[in-house]
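Have a look at the structure below, then the notes.
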Number of protein chains: 2
Amino acid sequence: MTKITDVARHAGVSPSTVSYVLSGKRSISEGTRLRVQESIRLLGYRPHAGARALASNRSNVLALVIPLRTGIHVPVVMQFAVSVVLAARRHDHDVLLLTQEEGEDGLRRVADSALVDALVVMDVELHDARVPMLRSLDRPSVLIGFPADAAGLTCIDLDFTAAGEVCVEHLAGLGHRCVGLVGSPPEVYARETGFAQRTEDGFTAAARRYGVTSTVHPCQPTAEAAREMAARLLREHPNLTAVVVHNEPIVEPLVDAFQRSGLRVPDDLSVVAICPDELAERAALPLTSVTIPAEELGKRAVELLMAKLDGHEVPAATLLPPRLTPRASTARGRNYA
Amino acid sequence: MTKITDVARHAGVSPSTVSYVLSGKRSISEGTRLRVQESIRLLGYRPHAGARALASNRSNVLALVIPLRTGIHVPVVMQFAVSVVLAARRHDHDVLLLTQEEGEDGLRRVADSALVDALVVMDVELHDARVPMLRSLDRPSVLIGFPADAAGLTCIDLDFTAAGEVCVEHLAGLGHRCVGLVGSPPEVYARETGFAQRTEDGFTAAARRYGVTSTVHPCQPTAEAAREMAARLLREHPNLTAVVVHNEPIVEPLVDAFQRSGLRVPDDLSVVAICPDELAERAALPLTSVTIPAEELGKRAVELLMAKLDGHEVPAATLLPPRLTPRASTARGRNYA
DNA sequence: TCCGAGAATCGAAGCGCTTCAACAAGAGCG
DNA sequence: CGCTCTTGTTGAAGCGCTTCGATTCTCGGA
């Protein structure tokens, strides 16, 4: 393994000069810099990560904690994770993958051992046991999702409340007077994952504001549950003319179930999905949707962390505004005068 | 930050003794060991990962390279990744996440900088540019998938050839005489990802062996493409009584399309899927399937790496035998005498 | 002419750990 | 009783890097 002293000797400078060329922390003359860089190239030199971490007290690694649970959509997690990795690389960092399973101890472990400089934690619940832990660590972190008490923490997420609202707004604007929300599975609500509740709150509040009748139904993420849900909605809410789905796996099955029940979408029933754009676009019938900006979230989360690592102040809360894209699944309500 | 000397002082021993208690590389008296462990607990000591890596020349981190491309099913990748992380943790290692995007340079970077001790590379193609690179690294690696030239490398995968065969065997055994394979998208074949080709080869060879007429069709992973494929198969192969699907996203849509064409599954048409068990089990009609053992693969890959890191010899090739689980989607062929 | 500031470079200390050689203290043996 | 072996422990070296003064040199201004 070639080391910094080899490079230094080859370039006829001291090791510290090589280090400064690499880090740019002191000015180095053009000539020396080029010579050193050439030596580095020639010898194929790579600084030893461990040595660097030890000397500089920076590992240049971020921890990413991903969830492994029912009710969270795997492609979204993956999209997010990839986005975090790419963003981290742009800032010369790598990403250590942790699973929810590791829990609080895992966070402590990687933080206290200086394996990572900072942490990104996905799928934060309202009363998340990891939150106090994160607060006590001496390393910065960014949470995806908002705990009940976010004091002292940096959080980011899609503004799900606004997402729920914007769906109703869109539908109310089209003249719909009775709308339903098909949400996450009951266990997601049960464990108090904020996003499900917030979407519901936004949805319900906006409905009230617009004088629209609303109804909310958690739903299991299976095609079969979607079919039952469709049947039930039609049975119990004969005036229903629009549905918001916030449950990725059943977006397509639900639309399909409505269609098989003889409803035309959007003529008889409008559907808005809260899901990644790709899913909405690629559906058999392209769906009006509010996107889940996983990529944007990942990128922003990393940027927040980098700012914190650089000692900058960052906003404690970042709520990305929802973006609704009208597609072929929504139209004027049946009873529109 | 508490360090090893703090622990040593607290326990009344030398730092090296603490180190040996931690690593178990030398015998330590029961009394001393307990005292040291208690001090560690009390002080909340965590060895500094960088210092450890520098001194021991081991980072206790594995690199995992995940693919990001069309034609590979995200949930399978995720399952695999999680399995790798869990297995690595059982061996006291962590996992650094790299994307395909990083390419060969990324491998070189993390290996040469001693950031990782070993690498797991997913989705290896027949002529993969990373293969020569891996061979030249001085760190062990395990590939998921088999390149054309695997000399000097350790590879593991499901035995897709046998998987293709076992599907045909199962169907031939049920009396089917004309079977179809609906495979991965054309681009997967084009980039010479071994698994698609191998499944096809096994399928075709077994069909010939059993005297069964066979036909193979790549297919895009969209519901719409699945519908077209179903229509086309029925039109072009009127004698077809069984289909093997090796393309996760369209497993359900394809079955659905056949059913909507008026065929009863399995009475008129048998279907075997090559996909994760969960997908096959949760389908509206539980499907006979050959599982994609992502979890097992991840675990085995890590175990191979650990063995290599410990200086043990490991088999160059590991092919997991396919496991076919009969469920409700296959039955005796129409023309069964 | 002299001084001070700034630019470029270097030497050495030190980051926190592992590991090796060395040694002390018993234990076992003839 | 003296010898060798084993077991338990230690001190010190060293892993490869960063960083903090210190040093040299150059240049501009007083």
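The chains referred to below are lettered A, B, ... by the order of the sequence lines, with proteins before strands, and numbering in each begins at 1.
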Practice problem: Assign B:Leu54 to base, sugar-phosphate, or nothing according to its heavy-atom contacts below 4.0 angstrom with the strands shown. | Solution: base

Practice problem: Mind calculating the distance between CD1 (B:Ile4) and C1' (C:dT19) to the nearest angstrom? | Solution: 11 Å

Self-check item: Between P of C:dC20 and CG of B:Asn57, the distance in whole Å
Solution: 13 Å

Quiz item: When the distance from CZ of A:Arg9 to P of C:dC10 is rounded to whole Å, what number comes out?
Solution: 14 Å

Practice problem: Using a heavy-atom cut-off of under 4.0 Å over every strand shown, decide if B:Thr32 touches base, sugar-phosphate, or nothing. | Solution: sugar-phosphate

Quiz item: Looking only at atom types and distance, does a side-chain atom of B:Asp6 sit under 3.5 Å from a main-chain N or O of B:Lys3, one as donor and one as acceptor?
Solution: yes

Exercise. State which of D:dC20, C:dT19, D:dT19 makes the closest approach to the side chain of A:Lys25.
Key: D:dT19

Practice problem: Spell out yes or no: do the side chain of B:Arg26 and the base of D:dT7 have one donor N/O and one acceptor N/O closer than 3.5 Å? | Solution: no

Quiz item: With distance as the sole criterion, do the side chain of B:Arg35 and the base of D:dG8 form a donor-acceptor contact below 3.5 Å?
Solution: no

Practice problem: Round to a whole Å and report the spacing from CG of B:Leu43 to P of C:dG16. | Solution: 15 Å

Quiz item: So, does B:Ser141 use its side chain to make a donor-acceptor pair with the main chain of B:Leu134 at under 3.5 Å?
Solution: no

Quiz prompt | A:His48, nearest nucleotide to its side chain (from D:dG16, D:dT10, D:dG8) | solution = D:dG16

Quiz item: In whole angstrom, what separates B:Asp6's CG from C:dC15's P?
Solution: 12 Å

Practice problem: Confirm from the modelled atom types if A:Tyr20 and D:dC20 form a donor-acceptor pair under 3.5 Å, side chain to base only. | Solution: yes

Quiz item: How long is the line joining CG of B:Asp112 and C1' of D:dG16, in whole Å?
Solution: 15 Å

Practice problem: Select base, sugar-phosphate, or nothing to describe what B:Ser56 touches, counting heavy atoms under 4.0 Å on all strands. | Solution: sugar-phosphate

Quiz item: So, B:Arg191 and B:Thr193: side-chain donor and acceptor under 3.5 Å apart, yes or no?
Solution: yes

Exercise. Name the closest nucleotide to the B:Ala51 side chain, picking from C:dA8, D:dT10, C:dG16.
Key: C:dG16

Self-check item: Phosphate-side-chain proximity, B:Tyr45 and C:dC17, N/O vs OP1/OP2 below 4.0 Å
Solution: yes

Quiz item: Between B:Asp112 and B:Arg139, does a salt bridge (charged side-chain N to carboxylate O under 4.0 Å, His left out) hold up when you go through it step by step?
Solution: CA-CA 9 Å; B:Asp112 285 0; B:Arg139 310 200 177 261; 5.9 Å; no

Quiz item: Can a side chain N or O of B:Ser14 be found less than 4.0 Å away from OP1 or OP2 on D:dT10?
Solution: yes

Self-check item: Residue A:Ala55, side-chain atoms from C-beta onward, closest of C:dC17, D:dT19, D:dC17
Solution: D:dC17

Quiz item: D:dA12, C:dC17, C:dC10: which one has an atom nearest the side-chain heavy atoms of B:Lys3?
Solution: C:dC17

Quiz item: Any donor-acceptor pair under 3.5 Å linking the side chain of B:Arg89 with the backbone of B:His93?
Solution: yes

Practice problem: Rounded to the nearest angstrom, tell me the gap between atom CD1 in B:Ile28 and atom P in D:dT6. | Solution: 18 Å

Quiz item: When we call it a touch if two heavy atoms are under 4.0 Å apart, what does A:Ser29 touch: a base, just sugar-phosphate, or nothing?
Solution: sugar-phosphate

Practice problem: Without swapping roles, check the side chain of A:Asn60 against the backbone of A:Asp92 for a donor-acceptor pair under 3.5 Å. | Solution: yes

Self-check item: Contact under 4.0 Å: A:Arg52 side-chain N or O vs D:dG16 OP1/OP2
Solution: no

Quiz item: Does OP1 or OP2 of C:dA8 have a side-chain N or O of A:Ser27 closer than 4.0 Å?
Solution: yes

Quiz item: Taking only side-chain nitrogens and oxygens of B:Thr17, does any of them come within less than 4.0 Å of OP1 or OP2 of D:dT9?
Solution: no

Practice problem: Please report, rounded to the nearest Å, how far the P atom of C:dA7 is from the CD atom of A:Glu30. | Solution: 16 Å

Quiz item: Of A:Ser19 and B:Val13, whose closest DNA chain D nucleotide lies nearer the 5' terminus?
Solution: B:Val13

